[in-house]
Number of protein chains: 2
Amino acid sequence: MTELRTTPTPEPASAHPERSVRRASRVTIRDVARTAGVSVATVSKVINGRDGIAEATSARVLRVVEDLGYESSLVAASMRRRRTHVIGVLVAEFEPFALQLLQGVSDSLADTSYDVLAYAGSVSAGDHVGWERRSLSRLAGTLIDGAVLVTPTVALPSASVPVVAIDPHTGSAGPATVDTDNLAGARLATEHLIALGHRRIAHLRGRGDLESARLREQGYRDALADAGIPFDPALIAEGGYRAPEASRGAATLLDLADRPTAVFAANDLSAIETVRVAATRGLRIPDDLSVVGFDDIPEASACEPSLTTVRQPLHRMGAAAVQLLLTMLDGGEAGHHRMPAELIVRGSTRPLPEHT
Amino acid sequence: MTELRTTPTPEPASAHPERSVRRASRVTIRDVARTAGVSVATVSKVINGRDGIAEATSARVLRVVEDLGYESSLVAASMRRRRTHVIGVLVAEFEPFALQLLQGVSDSLADTSYDVLAYAGSVSAGDHVGWERRSLSRLAGTLIDGAVLVTPTVALPSASVPVVAIDPHTGSAGPATVDTDNLAGARLATEHLIALGHRRIAHLRGRGDLESARLREQGYRDALADAGIPFDPALIAEGGYRAPEASRGAATLLDLADRPTAVFAANDLSAIETVRVAATRGLRIPDDLSVVGFDDIPEASACEPSLTTVRQPLHRMGAAAVQLLLTMLDGGEAGHHRMPAELIVRGSTRPLPEHT
DNA sequence: CTGTTAGCGCATTCAC
DNA sequence: GTGAATGCGCTAACAG
C-alpha cells in the first residue's frame, strides 16, 4: 500500500513511452532496490562504493541504476551524511559584482571535489536586512559544507558551517573575510579627479549598511581634505549601490544649480546610472562631466564611454575566499585577506577645461 | 537521552558567549519548541500560519523564533512539503553566458515568491556529458519546484518537475525551450564579413554536442554558399565554446600558410581567445584580421578592441524561461520561444584592404 | 555478504 | 489547543 503511494507509476521509467509531458515521479532508491530485488541498504552501499558487496549483486544494482536513471537526492543524502561536498555562495541578489565573485569561486573549485551552489536569498523577501542569516540558516548544516557570503549586512553569529565573508559589514572583524582596500581605492579615484583639475567633485554614496560604502566616502573626504578642497554636503547623494536609487541620487546632483564637474560613484552600477542620467540632461561624458566608478565589473568597460573605475580583483577575491574556506574545512584557522585596489583610467574622465 | 544527542549544547544559543569560533550547532525547530515550552507541532503551525493556536502562545513562539534566529531548514522542509518555492538554474559551469541568463531569471523572479538557486553540476564531475540529468535528479522533486537548464547536452527524459531548457541540445524538440535564431545569427555574422570584402573567412566551431554550434556552422556555410564562396574545410577548427580549446583552434587557423583574413567564432569567449592568440602572432585587430563573435556577453564590448558580435538577448531569454516555467508550475502547457539574433558591429571588424 | 533498525529535521494527521 | 506518532529518501550501525 505504501509502496503504491511512493511510486504511482510502478513500471520502469524506460518502459513507458513519453507521449505525455506529465511529470514522472522521481526515481528513488526504493525503486532501484525493488527492481534489483535487494534491500535499500544494499543499493546505498553499492552507490557509495562501500565494500562488502558481492560483485554480482553490485553489477546488477548498477545496471538497474543506469536503466532507471537513478541519482541520489542531494537533499536526502545531506540529511544523513556529514559532508555534501557542496559549497554555497550566498548572495542578496544576482548582480554583476556577485556574479564575478561567483565565477572566481567556481573556477577555483573546479580542481576540487566540491560542487557550487549559489543562492539568492532576498529575491522574494525584499531587501530584508539579515538575508544572510536567513539563507545560512536555511542551507547550512544540511545542504552545504561551507559558505561564501557576499556583502553580508550584519555581523554573523557563529554559524553551523565554516563561513567566509566577502566585503563584509564590519570590515575585518569577526570570522574570515576577504575585501579590497576601499579607503585607498576611493582616495585613488578622488585624487585622479583632483589631478584632472576638478574641484566640484560629487560623491554618490553606497549602501548605508555596508562598511565598504562608509570607507569609500571616507576616502573621498580624505582626498578632498588633503587637497585643501572644502567638503560640501550638498555634493553627496544616496546611490545605494543599485540602479534605481542611483538614478535618483544622480538626478539630485546633476540638477544642482551649481552642478559638479565630476562624480565619484560608490560602485560601477551607480556610475553607469549617472552616465545615463547625464545623457537625459544633455550632458556629454567626459566633456561636461567626469565620472568614476568602483569595482570594475565587465559592464564598466563595456559601456559608452568606457568607465574610469577602481578595480577590485573580483575573480581573485572569489578564489581567495575559497582558499580560506578550504583551510577551515580542513580544520585550520583562517584570517583576513585584503586585496589592493587599482585605478583604471578609461574614457569617462578628462581634464577640466581651463575655462571653468 | 535522544535529546542530548540531538542538541550537544543544550543551553539556548543566546546564552553561550561566542568567544570561540567553534561551530554553533544549528538551531532546530526542537530548540524553539523546548525554549518556548510547547511542542514541535505547535511551533510548526505558528511558523506556517496555520490557525488554531492561542494568540498568546503564537506570540511567545514567534518571540523565541526571533531570539534564537531560527529559520526552517530548506532541506528538511522540502522533504515533506510539496513546494519549496525555489527555482533552480542548472548550469554545467558558471561562465559569462550562463551568468547573464541567471541574472535574467533572477530579475524576473524578483516580483514572485520564488527564490533562486543556481547549481553548477559538472564542476567536480569533469565535462561529463549528462550533467543535467545528474543535477536534475539530485535536486528535482526535493529541493526545487522547477528548473531552468542552460545548454543541456542531452535530450531530457521526463523530469519530476517542470523544466525549461535554454539553448537546448535538440533544437526545439521535446519540452519547453528558449533559444535564439542561431542559423540566422550566424548568417548575419558571415554576411557582414563578406560585405566587408573578406573571402577567406574561417570558422571556429562550437561544442560538438550542442545544436546551437551545428546551426552556427550551418549559417556560416549557407552565407558562403550564397555569396558563391567555395567552402574550404581547412578554414574550420574546433573551438568548443571555451577558452582552452578555442586557443588551440585559433592557433591552427592563424598558423595556416594561407591565413584567413577573418574569423567567425562560434561564441564570444572563443572570439576573445582568437584576438588573444592573434596578438601573440603579432597580428593587429582589425587591421590584419577581422573577428566576429556570438552571444554579446559583457566581456565582448569590454575587450580591446571591442568585439563585433551577434547578440542574443540573454537577459530576456532568462525572463522568457521564467515565464514558461511559471506557466507550467501553474499547470499550463508551455511551448518554444525563439528570440531574434542581432548583429552588433564594433571594433573588431573592418573592410578588407583592396591590396589583397 | 545482506537485510533490519534507527534516526537526520521537519510537517502532517490524529488523538487527547 | 496541543502533542505524540509517522514518514519523506537516505545512510550508518548492527544483526543475521
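Every value quoted in this text rests on a predicted model; they were computed, and no experiment measured them. Per chain, numbering begins at 1; letters A, B, ... match sequence-line order.
- Distance B:Arg80 CZ to C:dT12 C1': 6 Å, rounded to the nearest Å.
- Nearest nucleotide to the A:Ala77 side chain, out of C:dT12, C:dG3, D:dT11: D:dT11.
- If you measure from atom CZ of A:Arg30 to atom C1' of D:dT11, you get 15 Å, rounded to the nearest angstrom.
- Put simply, the side chain of B:His337 does not reach to within 4.5 Å of the side chain of B:Val164, judged on heavy atoms.
- Atom CG in B:Leu74 sits about 12 Å away from atom C1' in C:dC10, given to the nearest Å.
- As a whole-Å value, the separation of A:Leu139 CG from C:dC10 C1' is 16 Å.
- Using a 4.0 Å heavy-atom cutoff across all strands shown, A:Ser73 reaches sugar-phosphate atoms only and no base atom.
- Residue contacts shown for B:Ala54 are limited to sugar-phosphate atoms, with no base heavy atom under 4.0 Å away.
- Among C:dT4, D:dG3, C:dT12, the nucleotide with an atom closest to any side-chain atom of B:Arg50 is C:dT12.
- The separation between B:Lys45 atom NZ and C:dT13 atom C1' is 9 Å, rounded to whole Å.
- Computed from coordinates, the B:Arg138 CZ to D:dT11 P distance equals 10 Å when rounded to whole Å.
- At the heavy-atom level, A:Ser78 lies nowhere under 4.0 Å from the strands shown.
- You'll find that the side chain of B:Thr28 is closest to C:dC10, out of D:dG9, C:dC10, C:dT4.
- For the residue pair A:His336 and A:Thr177, the shortest heavy atom distance occurs at ND1-OG1, 2.8 Å.
- Listed nucleotides: C:dC10, D:dC10, C:dT2. Nearest to the side chain of A:Tyr70: D:dC10.
- A:Thr57 comes within 4.0 angstrom of the backbone, heavy atoms only, and of no base.
- Among the atoms of the strands shown, only primed sugar atoms or phosphate atoms (P, OP1, OP2) are found under 4.0 Å from some heavy atom of A:Val38.
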